Amino acid sequence: MFSPLNSILGIFSRDIGIDLGTANTLVLVRGVGIVINEPSVVAVEKRAKRVLAIGAEAKQMVGRTPADIVAIRPLRDGVISDFDVTEKMLEYFITKVHDQALLPIPHRPRIVIGIPSGVTEVEKRAVHDAAMNAGAREVFLIEEPMAAAIGSGLPITESIGSMIVDIGGGTTEMAVFSLGGIVVSRSIRVAGDEMDEEIIRYAREKYNVLIGERMAEELKVSIGSAFPLTEEKTQMLRGRNLITGLPTEIEVSSVEIREALANPLDQIIDALKTTIDETPPELVSDLMQYGIALAGGGALLGNIAARLSQETKMRCYVSEDPLTCVVRGAGQVLEELDTLHKIITPTRGRR
Ligand code: ADP
Ligand code: MG
């Protein structure tokens with residue numbers, strides 16, 4: 001029934017999709033679009049265990065914090081290292097778009113959350129409860145590769161095989177789909193963070209220069225690549241010389257950064273080959289025909305599609321807007337929640 005009160009409350013009870021990533025959290029409001037895109041970082045005062053900042057503001061503090069303040073990435077390895085911090089972060093992002101935890105239950109939003117496929121049942125419960133506490137009416141958890149595949153527009157419910165490789169910050173997740181299910185999947189703790197660490201190691205070993213995580217990431221994003229570039233690039237690397245102790249600047253080339261990234265890339269390629277090996281032949285032939293989609297921030301690494309195509313002998317391509325695939329996939333699930341509701345039970349039912 002139409003009532004003015006209902007229509008006002010309706011504005012506040014739009015369903016929400018969340019990508020709870022190891023590096024970035026994105027929030028989408030049904031009918032509106034992506035409203036939050038911030039690092040999954042929480043700055044905590046160690047002694048008092050008090051949260052000082054969350055998201056972009058907290059990431060600014062990484063590597064710059066006084067001894068008593070730590071910047072935590074609670075999902076860094078694709079598992080939840082700190083329940084309390086994860087809960088605070090999730091609550092913060094949800095209430096930022098929906099500050100109505102005390103609405104009558106029918107007016108609270110339903111929330112679909114994409115979580116790394118490595119998290120345990122206990123961790124899933126923690127995420128579920130945190131979202132309920134933040135004011136959800138119902139919470140649906142979806143594995144990130146599934147959400148990424150939906151967001152990439154893969155025909156996962158059809159009888160043809162399709163495949164996604166999602167290279168995030170802490171984890172690379174890959175999965176082959178057919179008839180709405182995951183046929184083969186794999187998750188490894190090698191992705192963007194590991195690449196940054198390798199760049200730090202390279203700078204130290206080759207130039208005796210200590211650089212921070214942010215400098216390393218900047219080098220990776222601006223000149224990193226997985227395959228020779230038509231025009232190789234250079235960039236200044238700034239850090240501290242470990243012998244003199246003085247700040248220093250060195251011009252490094254994309255060829256050097258590629259050398260630094262060789263090891264994590266090899267590990268991703270190995271996992272990909274193994275996953276393809278385990279895929280039933282009929283589905284492999286579908287992959288040969290339709291290709292393999294790449295999502296996540298790592299899909300933006302220079303020439304990564306060319307490299308993976310060469311290694312797998314299959315056409316690998318970067319999905320449109322790879323950083324938002326998971327949250328857009330969660331958004332698509334929201335659109336179908338009314339129909340889905342009949343076949344999947346909310347996680348609440350599994351207690
Ligand atoms: P997650 O889903 O784990 O939160 P994302 O999909 O948001 O991760 O990807 C974050 C990772 O992608 C970070 O390691 C970041 O450095 C990396 N990244 C972002 N843009 C680029 C780029 N242009 N080239 C290479 N790596 C990138
Ligand atoms: Mg992700």
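Only heavy atoms go into these numbers, but all of them, side chains included; no hydrogens, no water, no symmetry mates. Note that the coordinates shown come from a computational prediction; the quantities given were computed from them, not determined experimentally. In listed order, ligands and their atoms are each counted from 1.
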**Student:** Could you pull out all residues at least two apart from Ser185 that satisfy side-chain contact (heavy atoms from CB on, under 4.5 Å)?
**Tutor:**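 side-chain contact (heavy atoms from CB on, under 4.5 Å) list for Ser185, sorted by chain: Ala175, Ile182.
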**Student:** What atoms of ligand 1 come closer than 4.0 angstrom to any heavy atom of Gly296?
**Tutor:**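 The list of qualifying atoms is 6 (O).
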**Student:** What atoms in ligand 1 come closer than 4.0 Å to a heavy atom of Leu323?
**Tutor:**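 Atoms satisfying the 4.0 Å criterion: 5 (P), 6 (O), 7 (O), 9 (O).
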**Student:** Would one find more than 12 heavy atoms of other residues, nucleotides or ligands at under 6.0 Å from atom CD of Glu282?
**Tutor:**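 Not more than 12 within 6.0 Å, no.
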**Student:** Checking a contact table here: which protein heavy atom is nearest atom 3 (O) of ligand 1, and how many Å away?
**Tutor:**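 Nearest protein contact, heavy atoms only, for atom 3 (O) of ligand 1 is Thr22 OG1, 2.5 Å.
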**Student:** Show every salt bridge (charged side-chain N to carboxylate O under 4.0 Å, His left out) that has at least one partner inside residues 166-187, sequence neighbours left out.
**Tutor:**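 Sorted result for residues 166-187: Arg186-Glu278.
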**Student:** Among all protein heavy atoms, pick out the one at the shortest distance from atom 2 (O) of ligand 1; state its residue, atom name and that distance to 0.1 Å.
**Tutor:**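 Checking every protein heavy atom, the shortest distance to atom 2 (O) of ligand 1 gives Gly21 CA, 3.9 Å.
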**Student:** Give the single entry among Gly297, Ser40, Ser222 that approaches atom 18 (N) of ligand 1 most closely by any heavy atom.
**Tutor:**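 That would be Gly297.
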**Student:** If you count the atoms of ligand 1 from 1 in the order shown, which ones are under 4.0 Å from a heavy atom of Gly298?
**Tutor:**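 Close to Gly298: 12 (O).
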**Student:** Tyr202 and side-chain hydrogen bond (donor to acceptor under 3.5 Å, both in side chains): which partner among Lys206, Glu198, Arg204?
**Tutor:**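 With Tyr202 as partner, side-chain hydrogen bond (donor to acceptor under 3.5 Å, both in side chains) holds for just one option, Lys206.
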**Student:** Which protein non-hydrogen atom lies closest to atom 7 (O) of ligand 1, naming both residue and atom, and how far is it?
**Tutor:**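 Checking every protein heavy atom, the shortest distance to atom 7 (O) of ligand 1 gives Asn24 ND2, 2.7 Å.
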**Student:** Using a 4.0 Å heavy-atom cut-off, which part of Thr171 comes near ligand 1: side chain, backbone, both, or neither?
**Tutor:**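 Neither; nothing of Thr171 gets under 4.0 Å from ligand 1.
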**Student:** Taking all non-hydrogen atoms of both residues into account, name the closest pair between Met89 and Ile54 and its distance.
**Tutor:**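 Residues Met89 and Ile54, closest heavy atoms: CG-CG2, 3.9 Å.
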**Student:** In terms of side-chain geometry, is the basic nitrogen of Arg307 or Glu311 positioned less than 4.0 Å from the acidic oxygen of its partner?
**Tutor:**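 Counted as a salt bridge, because a side-chain N and a carboxylate O are separated by less than 4.0 Å.
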**Student:** What atoms of ligand 1 come within less than 4.0 Å of a heavy atom belonging to Ala23?
**Tutor:**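 Reading through ligand 1 atom by atom, the close ones are 1 (P), 3 (O), 4 (O), 8 (O), 10 (C).
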**Student:** Between Asp68 and Lys46, is there a side-chain N and carboxylate O pair less than 4.0 Å apart?
**Tutor:**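 Lys46 and Asp68: not salt-bridged.
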**Student:** Write out the residue and atom name of the closest protein heavy atom to atom 8 (O) of ligand 1, then the distance separating them to 0.1 Å.
**Tutor:**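 Protein heavy atom with the smallest distance to atom 8 (O) of ligand 1: Gly169 N, 3.1 Å.
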**Student:** State the atoms of ligand 1, each with its element, that fall below the 4.0 Å cut-off from a heavy-atom position in Gly192.
**Tutor:**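 Heavy-atom distances to Gly192 below 4.0 Å select 14 (O).
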**Student:** Is the closest basic N to carboxylate O distance between Glu194 and Arg189 below 4.0 Å?
**Tutor:**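 Not counted as a salt bridge, because no side-chain N and carboxylate O are separated by less than 4.0 Å.
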**Student:** Between Lys59 and Glu217, does any side-chain N to carboxylate O distance fall below 4.0 Å?
**Tutor:**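 Yes.
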**Student:** For atom 22 (C) of ligand 1, which protein heavy atom lies nearest, and how many Å away is it?
**Tutor:**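 Residue, atom and distance for the closest contact: Leu300 CB, 3.5 Å.
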**Student:** Within ligand 1, which atoms have a heavy atom of Glu217 less than 4.0 Å away?
**Tutor:**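 The list of qualifying atoms is 13 (C), 15 (C), 16 (O).
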**Student:** In the protein, which heavy atom is nearest to atom 17 (C) of ligand 1, and how far is it?
**Tutor:**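 I find the closest protein heavy atom is Lys220 NZ, 3.7 Å.
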